[in-house]
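Taking it in order: structure first as structure tokens, then the write-up.
Just the heavy atoms: all of them, side chains too, but no hydrogens, waters or symmetry mates, feed the values below. Here, residue 1 is the first one in the sequence, and each next residue gets the next number.
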Amino acid sequence: MALHKLGQDPESPDGKSPTVYYDDQTDNYVLQGWRVLDAERLTQMDIPDHETVIEFPRRMLRFFPEVNGGGPDA
């Protein structure tokens, strides 16, 4: 698996998250974001044990190639 970092949130207070990656083997995106811990919000979702939920800011959509008009390394 080769992950390609597509973009990191320039507004992150510590400069480490959120981040968008592209996996060139699975053709999927891997997202790093803020873990959702709010019980009220979590009860509104049906989350399987093998999944997790993260919060991802809208401003980060620009890093997805489908949005910015580029390829995975754009």
Side-chain angles (χ1 to χ4, degrees):
M1 170 174 63
L3 289 179
H4 303 270
K5 185 190 240 182
L6 301 182
Q8 199 162 19
D9 186 358
E11 296 181 29
S12 176
D14 60 5
K16 296 183 181 176
S17 181
T19 307
V20 178
Y21 298 91
Y22 172 71
D23 182 326
D24 65 10
Q25 279 193 324
T26 65
D27 196 32
N28 289 324
Y29 294 104
V30 178
L31 304 178
Q32 176 184 338
W34 303 295
R35 191 174 352 180
V36 175
L37 299 173
D38 181 343
E40 183 178 341
R41 287 169 45 188
L42 290 171
T43 60
Q44 297 177 46
M45 297 180 252
D46 184 16
I47 307 163
D49 289 339
H50 66 280
E51 294 182 3
T52 191
V53 177
I54 65 164
E55 190 158 351
F56 199 75
R58 176 179 221 131
R59 66 181 171 267
M60 295 291 294
L61 292 175
R62 66 185 171 157
F63 294 110
F64 289 96
E66 292 84 356
V67 174
N68 70 30
D73 295 319

Side chain to side chain contact (heavy atoms under 4.5 Å, CB included) partners of Pro10, counting only residues at least two apart: Arg62
Pairs meeting criterion side chain to side chain donor-acceptor pair (under 3.5 Å) with involvement of residues 43-53, two or more places apart: none
Which residues share a side-chain hydrogen bond (donor to acceptor under 3.5 Å, both in side chains) with Ser17, sequence neighbours left out: none
Straight-line distance of Met60 CE to Gln8 CD, nearest 0.5 Å: 7.5 Å
Over all atoms of both residues, closest heavy-atom pair of Pro57 and Trp34: CD-CZ3, 3.5 Å
Contacts of type side chain to side chain contact (heavy atoms under 4.5 Å, CB included), residue Asp38, not counting sequence neighbours: Glu40, Arg41
Nearest non-hydrogen partners of Gln32 and Tyr21, listed with the distance: OE1-OH, 3.5 Å
Within-4.5 Å side-chain heavy-atom neighbours: Asn28 and Tyr22: no
Members sharing Ile47's hydrophobic cluster (side chains within less than 4.5 Å): Val36, Leu42, Met45, Val53
Which residues share a side chain to side chain contact (heavy atoms under 4.5 Å, CB included) with Ile54, sequence neighbours left out: Leu31, Phe56
Thr19 OG1 to Lys5 NZ distance, which is reported to the nearest 0.5 Å: 5.5 Å
